[in-house]
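In what follows, chains are A, B, ... by sequence order, proteins preceding strands, each numbered from 1. The structure presented is a predicted model; accordingly, all values stated were derived computationally and were not measured.
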Amino acid sequence: MGDGELRKFFEDYTARDGVFVERKALQTNYLPDSLPHREEQIKQIANILAPSLRRGRPSNLFVYGKTGTGKTHTTNHVVDNLITAAKEGNIPLKNIYVNCKLKRLADTEYRLIAQLIREMGGSIAATGLPTDEVYKTFFEIVDKQKALVLLVLDEIDQLVKKAGDEILYNLVRVNEELKQSQIVLLGISNDLVFVDTLDPRVRSSLSEEEIVFPPYNAFQLQDILRKRSEVAFKSGVVRQGVIEKCAAYAAREHGDARRALELMRVSAELAERGDSDEVKLEHIDQAEEKIERDRVIDVIKSQPKQSQATLYSILLSTKKEKQIISTGEVYNAYKTISSQVGLRPLTQRRISDIISELDMLGIISTKIISKGRYGRTSEISLAIPPPIFDRTEQLLAEGLALS
DNA sequence: CGAGATTCATGTGAAGTATACCTTTAGGCTTAA
DNA sequence: AAGCCTAAAGGTATACTTCACATGAATCTCGTA
(Lines give C-alpha, C1' and ligand atoms only; values in the text may rest on other atoms or scores of the structure.)
Protein backbone atom coordinates (compact mmCIF):
# COMPACT_ATOMS: atom_id res chain seq x y z
CA MET A 1 0.00 0.00 0.00
CA GLY A 2 1.51 3.33 -1.05
CA ASP A 3 1.44 6.43 1.10
CA GLY A 4 -1.40 7.96 -0.82
CA GLU A 5 -3.48 4.86 -0.63
CA LEU A 6 -2.77 4.50 3.03
CA ARG A 7 -3.89 8.01 3.75
CA LYS A 8 -7.01 7.41 1.76
CA PHE A 9 -7.67 4.29 3.76
CA PHE A 10 -7.46 6.20 7.01
CA GLU A 11 -9.61 9.01 5.66
CA ASP A 12 -12.22 6.55 4.54
CA TYR A 13 -12.00 4.85 7.84
CA THR A 14 -12.71 7.97 9.84
CA ALA A 15 -15.38 9.11 7.43
CA ARG A 16 -17.18 5.83 7.55
CA ASP A 17 -20.07 5.51 9.87
CA GLY A 18 -19.18 2.95 12.48
CA VAL A 19 -21.65 1.32 14.78
CA PHE A 20 -19.93 2.45 17.96
CA VAL A 21 -20.30 5.62 19.92
CA GLU A 22 -18.36 4.44 22.93
CA ARG A 23 -16.60 1.18 22.29
CA LYS A 24 -15.04 1.25 25.73
CA ALA A 25 -18.37 0.48 27.33
CA LEU A 26 -18.15 -3.08 26.13
CA GLN A 27 -14.56 -3.74 27.00
CA THR A 28 -13.83 -6.07 29.86
CA ASN A 29 -12.09 -3.52 32.01
CA TYR A 30 -14.88 -0.96 31.76
CA LEU A 31 -16.44 -0.22 35.10
CA PRO A 32 -20.01 0.89 34.61
CA ASP A 33 -21.65 3.27 37.08
CA SER A 34 -24.25 0.76 38.01
CA LEU A 35 -24.13 -2.97 38.24
CA PRO A 36 -27.58 -4.34 37.58
CA HIS A 37 -28.72 -7.36 39.60
CA ARG A 38 -25.89 -7.04 42.03
CA GLU A 39 -27.53 -4.62 44.44
CA GLU A 40 -27.70 -7.22 47.15
CA GLN A 41 -24.02 -8.11 46.95
CA ILE A 42 -22.97 -4.48 46.81
CA LYS A 43 -24.89 -3.83 49.97
CA GLN A 44 -23.32 -6.79 51.71
CA ILE A 45 -19.79 -5.89 50.77
CA ALA A 46 -20.36 -2.28 51.69
CA ASN A 47 -21.67 -3.35 55.06
CA ILE A 48 -18.68 -5.51 55.72
CA LEU A 49 -16.15 -2.90 54.69
CA ALA A 50 -17.87 0.11 56.17
CA PRO A 51 -16.17 -0.10 59.59
CA SER A 52 -13.00 1.10 57.90
CA LEU A 53 -14.58 4.55 57.71
CA ARG A 54 -14.71 4.65 61.47
CA ARG A 55 -11.08 3.62 61.64
CA GLY A 56 -11.99 0.11 62.59
CA ARG A 57 -10.69 -2.98 60.92
CA PRO A 58 -13.30 -4.75 58.79
CA SER A 59 -13.39 -8.52 58.60
CA ASN A 60 -11.49 -10.32 55.92
CA LEU A 61 -13.82 -11.13 53.10
CA PHE A 62 -14.03 -14.00 50.75
CA VAL A 63 -15.97 -13.63 47.54
CA TYR A 64 -16.74 -16.48 45.28
CA GLY A 65 -18.74 -17.26 42.20
CA LYS A 66 -18.19 -18.50 38.67
CA THR A 67 -16.35 -16.45 36.07
CA GLY A 68 -18.21 -13.47 34.76
CA THR A 69 -20.61 -13.16 37.64
CA GLY A 70 -19.32 -9.71 38.42
CA LYS A 71 -17.19 -10.53 41.45
CA THR A 72 -14.27 -8.40 40.40
CA HIS A 73 -16.33 -5.48 39.18
CA THR A 74 -18.60 -5.42 42.17
CA THR A 75 -15.74 -5.60 44.61
CA ASN A 76 -13.79 -2.92 42.85
CA HIS A 77 -16.88 -0.79 42.59
CA VAL A 78 -17.44 -0.88 46.33
CA VAL A 79 -13.77 -0.45 47.13
CA ASP A 80 -13.45 2.54 44.83
CA ASN A 81 -16.39 4.25 46.43
CA LEU A 82 -15.05 3.45 49.83
CA ILE A 83 -11.71 4.99 48.98
CA THR A 84 -13.38 8.12 47.72
CA ALA A 85 -15.45 8.37 50.86
CA ALA A 86 -12.36 7.84 52.95
CA LYS A 87 -10.55 10.61 51.16
CA GLU A 88 -13.36 13.03 51.89
CA GLY A 89 -13.38 12.03 55.52
CA ASN A 90 -9.59 12.24 55.58
CA ILE A 91 -9.23 8.66 56.64
CA PRO A 92 -6.10 6.81 55.63
CA LEU A 93 -7.24 3.98 53.41
CA LYS A 94 -5.45 2.33 50.52
CA ASN A 95 -6.17 -0.54 48.24
CA ILE A 96 -4.07 -2.91 46.23
CA TYR A 97 -5.47 -5.08 43.54
CA VAL A 98 -3.60 -8.06 42.16
CA ASN A 99 -4.85 -10.60 39.74
CA CYS A 100 -3.04 -13.78 40.63
CA LYS A 101 -3.63 -15.40 37.31
CA LEU A 102 -2.23 -12.68 35.16
CA LYS A 103 0.61 -13.93 32.97
CA ARG A 104 3.13 -15.28 35.41
CA LEU A 105 3.13 -12.06 37.35
CA ALA A 106 2.04 -13.63 40.55
CA ASP A 107 2.03 -17.38 40.39
CA THR A 108 4.47 -18.15 43.15
CA GLU A 109 4.77 -16.88 46.68
CA TYR A 110 7.80 -14.84 45.85
CA ARG A 111 6.31 -13.30 42.74
CA LEU A 112 3.04 -12.43 44.42
CA ILE A 113 4.68 -10.52 47.22
CA ALA A 114 7.04 -8.87 44.75
CA GLN A 115 4.03 -7.82 42.74
CA LEU A 116 2.32 -6.44 45.83
CA ILE A 117 5.37 -4.35 46.54
CA ARG A 118 5.35 -3.01 43.03
CA GLU A 119 1.67 -2.14 43.36
CA MET A 120 2.51 -0.19 46.46
CA GLY A 121 5.01 1.79 44.47
CA GLY A 122 8.11 0.06 45.69
CA SER A 123 10.59 -1.84 43.59
CA ILE A 124 12.05 -5.24 44.15
CA ALA A 125 14.32 -7.64 42.34
CA ALA A 126 12.62 -10.31 40.27
CA THR A 127 14.64 -13.12 41.79
CA GLY A 128 17.56 -13.86 44.03
CA LEU A 129 16.30 -12.47 47.29
CA PRO A 130 15.34 -14.68 50.18
CA THR A 131 11.59 -14.81 50.54
CA ASP A 132 11.76 -13.50 54.10
CA GLU A 133 13.53 -10.49 52.79
CA VAL A 134 10.74 -9.84 50.34
CA TYR A 135 8.17 -10.15 53.10
CA LYS A 136 10.14 -7.75 55.22
CA THR A 137 10.24 -5.16 52.47
CA PHE A 138 6.53 -5.60 52.02
CA PHE A 139 5.83 -5.12 55.73
CA GLU A 140 7.91 -2.03 55.86
CA ILE A 141 6.30 -0.47 52.85
CA VAL A 142 2.83 -1.22 54.17
CA ASP A 143 3.63 -0.03 57.63
CA LYS A 144 4.96 3.21 56.28
CA GLN A 145 1.57 3.95 54.77
CA LYS A 146 0.05 4.27 58.21
CA ALA A 147 -3.22 3.26 56.73
CA LEU A 148 -5.72 0.53 56.43
CA VAL A 149 -4.81 -1.44 53.34
CA LEU A 150 -7.44 -3.35 51.41
CA LEU A 151 -5.67 -6.17 49.68
CA VAL A 152 -7.75 -7.53 46.84
CA LEU A 153 -6.46 -10.86 45.54
CA ASP A 154 -8.31 -11.84 42.43
CA GLU A 155 -8.37 -15.45 41.23
CA ILE A 156 -6.82 -16.47 44.46
CA ASP A 157 -7.62 -20.13 43.82
CA GLN A 158 -5.17 -20.19 40.93
CA LEU A 159 -2.43 -18.96 43.17
CA VAL A 160 -3.07 -21.45 45.91
CA LYS A 161 -3.32 -24.28 43.43
CA LYS A 162 0.15 -23.47 42.19
CA ALA A 163 1.94 -22.19 45.23
CA GLY A 164 0.17 -23.59 48.26
CA ASP A 165 -1.75 -21.83 50.99
CA GLU A 166 1.22 -20.81 53.05
CA ILE A 167 1.17 -17.41 51.46
CA LEU A 168 -2.30 -16.77 52.76
CA TYR A 169 -1.31 -17.90 56.18
CA ASN A 170 1.58 -15.46 56.13
CA LEU A 171 -0.58 -12.64 54.90
CA VAL A 172 -3.25 -13.32 57.47
CA ARG A 173 -0.58 -13.18 60.11
CA VAL A 174 0.79 -9.91 58.83
CA ASN A 175 -1.42 -7.80 61.05
CA GLU A 176 0.34 -9.00 64.16
CA GLU A 177 3.58 -7.56 62.90
CA LEU A 178 2.29 -4.29 61.65
CA LYS A 179 2.36 -1.42 64.09
CA GLN A 180 0.97 1.50 62.19
CA SER A 181 -1.03 -0.14 59.47
CA GLN A 182 -3.54 -2.91 59.14
CA ILE A 183 -4.45 -4.98 56.16
CA VAL A 184 -7.72 -6.52 55.16
CA LEU A 185 -7.75 -9.42 52.76
CA LEU A 186 -10.37 -9.62 50.07
CA GLY A 187 -10.05 -12.92 48.29
CA ILE A 188 -11.87 -13.50 45.05
CA SER A 189 -12.21 -17.01 43.71
CA ASN A 190 -13.88 -18.78 40.84
CA ASP A 191 -13.71 -22.09 42.53
CA LEU A 192 -16.67 -22.68 44.77
CA VAL A 193 -15.16 -25.43 46.85
CA PHE A 194 -11.83 -23.68 47.10
CA VAL A 195 -12.15 -22.71 50.76
CA ASP A 196 -12.64 -26.30 51.79
CA THR A 197 -9.20 -27.22 50.55
CA LEU A 198 -7.50 -24.62 52.69
CA ASP A 199 -5.67 -25.13 55.92
CA PRO A 200 -8.25 -24.66 58.70
CA ARG A 201 -6.30 -21.83 60.29
CA VAL A 202 -6.24 -19.94 57.03
CA ARG A 203 -9.83 -20.72 56.26
CA SER A 204 -11.23 -19.35 59.46
CA SER A 205 -9.37 -16.09 59.23
CA LEU A 206 -9.58 -15.54 55.50
CA SER A 207 -13.27 -16.09 55.26
CA GLU A 208 -14.48 -14.27 58.30
CA GLU A 209 -17.16 -13.18 55.90
CA GLU A 210 -18.28 -14.86 52.73
CA ILE A 211 -20.32 -13.73 49.81
CA VAL A 212 -21.52 -15.91 46.98
CA PHE A 213 -22.24 -14.53 43.56
CA PRO A 214 -24.88 -16.56 41.77
CA PRO A 215 -24.69 -16.75 37.99
CA TYR A 216 -26.80 -14.36 35.96
CA ASN A 217 -29.74 -15.87 34.19
CA ALA A 218 -30.52 -15.10 30.57
CA PHE A 219 -32.89 -12.24 31.40
CA GLN A 220 -30.44 -10.55 33.68
CA LEU A 221 -27.79 -10.87 31.02
CA GLN A 222 -30.11 -9.23 28.52
CA ASP A 223 -30.59 -6.40 30.95
CA ILE A 224 -26.89 -5.89 31.31
CA LEU A 225 -26.30 -6.05 27.59
CA ARG A 226 -29.07 -3.59 26.91
CA LYS A 227 -27.71 -1.07 29.38
CA ARG A 228 -24.23 -1.26 28.00
CA SER A 229 -25.40 -1.25 24.42
CA GLU A 230 -27.23 2.01 24.96
CA VAL A 231 -23.94 3.60 25.89
CA ALA A 232 -21.80 1.80 23.37
CA PHE A 233 -23.78 1.87 20.16
CA LYS A 234 -25.56 4.35 17.99
CA SER A 235 -29.25 3.82 18.29
CA GLY A 236 -30.80 1.32 15.95
CA VAL A 237 -27.65 -0.46 14.83
CA VAL A 238 -28.32 -3.58 16.83
CA ARG A 239 -30.70 -5.89 15.05
CA GLN A 240 -33.67 -7.43 16.70
CA GLY A 241 -32.70 -10.57 18.60
CA VAL A 242 -28.98 -9.93 18.79
CA ILE A 243 -28.99 -9.12 22.47
CA GLU A 244 -31.18 -12.09 23.21
CA LYS A 245 -28.88 -14.40 21.36
CA CYS A 246 -25.75 -13.11 23.03
CA ALA A 247 -27.42 -13.51 26.38
CA ALA A 248 -28.52 -17.01 25.54
CA TYR A 249 -25.04 -18.05 24.49
CA ALA A 250 -23.53 -16.70 27.64
CA ALA A 251 -26.24 -18.14 29.86
CA ARG A 252 -25.38 -21.49 28.41
CA GLU A 253 -21.89 -20.94 29.78
CA HIS A 254 -22.99 -20.61 33.40
CA GLY A 255 -24.19 -17.02 33.04
CA ASP A 256 -20.90 -15.44 32.21
CA ALA A 257 -21.51 -11.73 31.72
CA ARG A 258 -17.99 -11.05 30.64
CA ARG A 259 -18.44 -13.46 27.82
CA ALA A 260 -21.76 -11.93 26.85
CA LEU A 261 -20.24 -8.49 26.62
CA GLU A 262 -17.24 -9.70 24.74
CA LEU A 263 -19.48 -11.49 22.31
CA MET A 264 -21.40 -8.30 21.79
CA ARG A 265 -18.32 -6.20 21.27
CA VAL A 266 -16.59 -8.58 18.91
CA SER A 267 -19.78 -9.05 16.93
CA ALA A 268 -20.00 -5.32 16.48
CA GLU A 269 -16.37 -5.05 15.52
CA LEU A 270 -16.84 -7.74 12.94
CA ALA A 271 -19.89 -5.96 11.63
CA GLU A 272 -17.97 -2.75 11.36
CA ARG A 273 -15.06 -4.37 9.63
CA GLY A 274 -17.38 -6.16 7.28
CA ASP A 275 -18.82 -2.84 6.16
CA SER A 276 -22.12 -3.53 7.77
CA ASP A 277 -23.84 -0.72 9.57
CA GLU A 278 -25.89 -3.09 11.63
CA VAL A 279 -24.98 -5.84 14.03
CA LYS A 280 -26.69 -8.95 12.80
CA LEU A 281 -27.27 -12.39 14.20
CA GLU A 282 -24.71 -14.05 11.98
CA HIS A 283 -22.00 -11.82 13.38
CA ILE A 284 -22.46 -13.47 16.72
CA ASP A 285 -21.45 -16.87 15.47
CA GLN A 286 -18.43 -15.42 13.77
CA ALA A 287 -17.60 -13.59 16.95
CA GLU A 288 -17.80 -16.70 19.03
CA GLU A 289 -15.29 -18.39 16.84
CA LYS A 290 -12.99 -15.41 16.79
CA ILE A 291 -13.03 -15.09 20.56
CA GLU A 292 -12.08 -18.68 21.02
CA ARG A 293 -9.38 -18.40 18.41
CA ASP A 294 -7.93 -15.28 19.97
CA ARG A 295 -7.95 -16.86 23.38
CA VAL A 296 -6.12 -19.93 22.18
CA ILE A 297 -3.63 -17.91 20.20
CA ASP A 298 -3.02 -15.65 23.13
CA VAL A 299 -2.36 -18.49 25.49
CA ILE A 300 -0.09 -20.26 23.07
CA LYS A 301 1.96 -17.20 22.34
CA SER A 302 2.61 -16.59 26.00
CA GLN A 303 3.81 -20.14 26.60
CA PRO A 304 7.49 -20.97 26.87
CA LYS A 305 9.13 -22.79 23.99
CA GLN A 306 9.09 -26.18 25.64
CA SER A 307 5.36 -26.01 26.20
CA GLN A 308 4.88 -24.95 22.63
CA ALA A 309 6.93 -27.86 21.42
CA THR A 310 4.88 -30.20 23.57
CA LEU A 311 1.64 -28.80 22.28
CA TYR A 312 2.90 -29.06 18.74
CA SER A 313 3.71 -32.70 19.33
CA ILE A 314 0.21 -33.30 20.60
CA LEU A 315 -1.26 -31.47 17.65
CA LEU A 316 0.71 -33.47 15.12
CA SER A 317 0.02 -36.79 16.79
CA THR A 318 -3.70 -36.25 17.07
CA LYS A 319 -3.83 -35.14 13.49
CA LYS A 320 -1.82 -38.01 12.11
CA GLU A 321 -3.14 -40.85 14.16
CA LYS A 322 -6.32 -40.40 16.09
CA GLN A 323 -8.22 -38.11 18.38
CA ILE A 324 -6.95 -39.51 21.61
CA ILE A 325 -3.31 -40.22 22.36
CA SER A 326 -1.22 -41.27 25.31
CA THR A 327 1.64 -39.63 27.15
CA GLY A 328 4.17 -42.02 25.66
CA GLU A 329 3.13 -41.18 22.13
CA VAL A 330 3.36 -37.49 22.87
CA TYR A 331 6.79 -37.93 24.32
CA ASN A 332 8.02 -39.79 21.26
CA ALA A 333 6.71 -37.11 18.97
CA TYR A 334 8.18 -34.50 21.24
CA LYS A 335 11.63 -36.06 21.08
CA THR A 336 11.82 -35.86 17.32
CA ILE A 337 10.41 -32.37 17.27
CA SER A 338 12.69 -30.99 19.91
CA SER A 339 15.72 -32.30 18.06
CA GLN A 340 14.41 -30.88 14.80
CA VAL A 341 14.11 -27.41 16.25
CA GLY A 342 17.28 -27.68 18.24
CA LEU A 343 15.61 -27.53 21.61
CA ARG A 344 17.19 -29.33 24.52
CA PRO A 345 14.96 -32.36 25.03
CA LEU A 346 13.39 -32.57 28.45
CA THR A 347 12.67 -35.74 30.35
CA GLN A 348 9.35 -37.48 30.25
CA ARG A 349 8.80 -36.51 33.86
CA ARG A 350 8.87 -32.88 32.93
CA ILE A 351 6.77 -33.33 29.81
CA SER A 352 4.20 -35.01 31.99
CA ASP A 353 4.05 -31.86 34.09
CA ILE A 354 3.89 -29.65 31.04
CA ILE A 355 0.99 -31.68 29.75
CA SER A 356 -0.94 -31.12 32.93
CA GLU A 357 -0.15 -27.42 32.74
CA LEU A 358 -1.60 -27.33 29.24
CA ASP A 359 -4.60 -29.12 30.62
CA MET A 360 -5.04 -26.43 33.24
CA LEU A 361 -4.94 -23.81 30.53
CA GLY A 362 -7.82 -25.54 28.84
CA ILE A 363 -5.99 -26.12 25.57
CA ILE A 364 -6.01 -29.85 25.88
CA SER A 365 -7.93 -32.18 28.10
CA THR A 366 -6.50 -35.17 29.86
CA LYS A 367 -7.94 -38.05 31.76
CA ILE A 368 -5.95 -40.65 33.59
CA ILE A 369 -7.07 -44.16 32.82
CA SER A 370 -5.73 -47.58 33.54
CA LYS A 371 -5.59 -49.98 30.66
CA GLY A 372 -5.05 -52.90 32.92
CA ARG A 373 -2.35 -55.14 31.65
CA TYR A 374 -1.26 -52.42 29.28
CA GLY A 375 -0.42 -49.89 31.91
CA ARG A 376 -1.72 -46.60 33.03
CA THR A 377 -1.60 -43.36 31.13
CA SER A 378 -3.52 -40.21 30.49
CA GLU A 379 -5.68 -39.95 27.48
CA ILE A 380 -4.87 -36.66 25.88
CA SER A 381 -7.07 -34.87 23.42
CA LEU A 382 -7.15 -31.36 22.04
CA ALA A 383 -9.70 -28.98 23.45
CA ILE A 384 -9.25 -26.61 20.55
CA PRO A 385 -12.18 -26.41 18.16
CA PRO A 386 -11.24 -27.93 14.79
CA PRO A 387 -11.73 -24.75 12.75
CA ILE A 388 -8.65 -23.23 14.29
CA PHE A 389 -6.37 -26.24 14.09
CA ASP A 390 -4.56 -24.89 11.08
CA ARG A 391 -3.98 -21.49 12.52
CA THR A 392 -2.70 -23.01 15.73
CA GLU A 393 -0.39 -25.33 13.91
CA GLN A 394 1.00 -22.52 11.83
CA LEU A 395 1.53 -20.37 14.86
CA LEU A 396 3.39 -23.09 16.70
CA ALA A 397 5.54 -23.91 13.70
CA GLU A 398 6.51 -20.27 13.39
CA GLY A 399 7.18 -19.87 17.06
CA LEU A 400 9.41 -22.91 17.13
CA ALA A 401 11.29 -22.31 13.92
CA LEU A 402 12.57 -18.99 15.19
CA SER A 403 14.39 -20.46 18.12
C1' DC B 1 -14.38 -70.79 37.62
C1' DG B 2 -12.86 -67.30 40.63
C1' DA B 3 -9.68 -65.15 43.99
C1' DG B 4 -5.30 -63.31 44.18
C1' DA B 5 -0.95 -62.21 42.06
C1' DT B 6 1.27 -60.04 38.24
C1' DT B 7 2.20 -56.68 34.99
C1' DC B 8 2.60 -52.67 32.26
C1' DA B 9 3.09 -47.64 31.29
C1' DT B 10 3.04 -43.99 33.52
C1' DG B 11 1.47 -40.87 37.48
C1' DT B 12 3.57 -38.59 41.31
C1' DG B 13 6.41 -37.12 45.21
C1' DA B 14 10.93 -35.96 47.06
C1' DA B 15 15.38 -34.68 46.65
C1' DG B 16 19.16 -33.12 43.97
C1' DT B 17 21.31 -30.04 40.17
C1' DA B 18 22.07 -26.18 36.97
C1' DT B 19 21.29 -21.57 36.03
C1' DA B 20 20.42 -16.91 36.63
C1' DC B 21 20.24 -13.45 39.59
C1' DC B 22 20.72 -10.94 44.16
C1' DT B 23 23.54 -8.67 48.11
C1' DT B 24 27.64 -8.21 50.66
C1' DT B 25 32.41 -7.78 51.13
C1' DA B 26 37.16 -7.27 50.19
C1' DG B 27 40.60 -5.57 47.36
C1' DG B 28 42.42 -2.43 44.06
C1' DC B 29 42.43 1.79 41.79
C1' DT B 30 41.54 6.78 41.52
C1' DT B 31 41.13 11.18 43.41
C1' DA B 32 41.39 15.11 46.32
C1' DA B 33 43.50 17.16 50.15
C1' DA C 1 42.62 8.90 53.58
C1' DA C 2 38.30 8.76 51.34
C1' DG C 3 35.56 7.32 47.52
C1' DC C 4 34.38 4.39 43.83
C1' DC C 5 34.48 0.32 40.95
C1' DT C 6 35.07 -4.70 40.29
C1' DA C 7 35.13 -9.40 41.24
C1' DA C 8 34.49 -13.05 44.26
C1' DA C 9 31.74 -15.23 47.80
C1' DG C 10 27.66 -16.69 49.61
C1' DG C 11 22.86 -16.87 49.16
C1' DT C 12 18.02 -17.66 46.75
C1' DA C 13 14.17 -18.94 43.34
C1' DT C 14 13.04 -21.50 39.49
C1' DA C 15 13.11 -24.97 35.95
C1' DC C 16 14.51 -29.16 35.31
C1' DT C 17 16.49 -34.05 36.31
C1' DT C 18 17.01 -38.29 38.91
C1' DC C 19 15.36 -41.70 41.74
C1' DA C 20 11.94 -44.34 43.70
C1' DC C 21 7.63 -45.65 44.70
C1' DA C 22 2.40 -45.69 43.81
C1' DT C 23 -1.58 -46.93 40.78
C1' DG C 24 -5.26 -49.72 39.03
C1' DA C 25 -7.55 -52.72 35.99
C1' DA C 26 -6.68 -56.33 32.23
C1' DT C 27 -4.50 -60.60 32.27
C1' DC C 28 -2.35 -64.62 34.28
C1' DT C 29 -1.96 -68.38 37.70
C1' DC C 30 -3.39 -71.81 40.28
C1' DG C 31 -6.25 -74.00 43.72
C1' DT C 32 -10.73 -75.77 43.91
C1' DA C 33 -15.40 -77.33 42.59
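Every residue two or more places apart in sequence or in another chain was checked for a side chain to side chain donor-acceptor pair (under 3.5 Å) with A:Q182, and none qualifies. Scanning for side chain to side chain contact (heavy atoms under 4.5 Å, CB included) contacts around A:I91 gives A:L53, A:R55, A:A86, with sequence neighbours left out. Considering only residues two or more places apart in sequence or on other chains, A:E119 meets the side chain to side chain donor-acceptor pair (under 3.5 Å) condition with A:Q115. Remark: A:E292 engages A:R295 in a side chain to side chain donor-acceptor pair (under 3.5 Å) (not counting sequence neighbours).
For residues 366-390 of chain A, the set of pairs meeting the salt bridge (Lys or Arg N to Asp or Glu O under 4.0 Å) definition, not counting sequence neighbours, is empty. Within the structure, ring pair (Phe, Tyr, Trp, His ring centres under 6.0 Å) contacts touching residues 129-160 of chain A (residues at least two apart or in different chains) do not occur. The side chain to side chain donor-acceptor pair (under 3.5 Å) contacts involving residues 60-76 of chain A comprise A:R57-A:N60, A:Y64-A:E210, A:T67-A:H254, A:K71-A:N190, A:T72-A:D154, where partners must be two or more places apart or lie in separate chains. Within the structure, the side chain to side chain donor-acceptor pair (under 3.5 Å) test picks out the following pairs touching residues 333-343 of chain A (sequence neighbours left out): A:Q306-A:Y334. Among pairs with a residue in residues 218-230 of chain A, those fulfilling salt bridge (Lys or Arg N to Asp or Glu O under 4.0 Å) read A:R226-A:E244, at least two apart in sequence or across chains.
Scanning DNA chain B 5' to 3' for nucleotides with an atom closer than 4.0 angstrom to a non-hydrogen atom of chain A gives a first and last hit of B:dT7 to B:dT23.
Among the nucleotides C:dG24, C:dT27, C:dA15, the one closest to any side-chain atom of A:R111 is C:dA15.
As judged by a 4.0 angstrom heavy-atom cut-off over every strand, A:S356 is placed among residues making no nucleic acid contact.
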Exercise for the section: Indicate for each nucleotide in nucleotides 16-23 of chain C, in 5' to 3' sequence, whether protein heavy atoms under 4.0 Å reach the base (B), only the sugar-phosphate (S), or nothing (-). Expected result: SSB----B
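The pair A:D294-A:K301 does not meet the salt-bridge criterion, since no charged nitrogen lies less than 4.0 angstrom from a carboxylate oxygen.
The distance from atom CZ of A:R373 to atom P of C:dA26 is 13 Å, rounded to the nearest whole Å.
Five base pairs at each end of the helix from B:dC1-C:dG31 to B:dT31-C:dA1 define two local axes, and these are offset by 20° (rounded to 10°).
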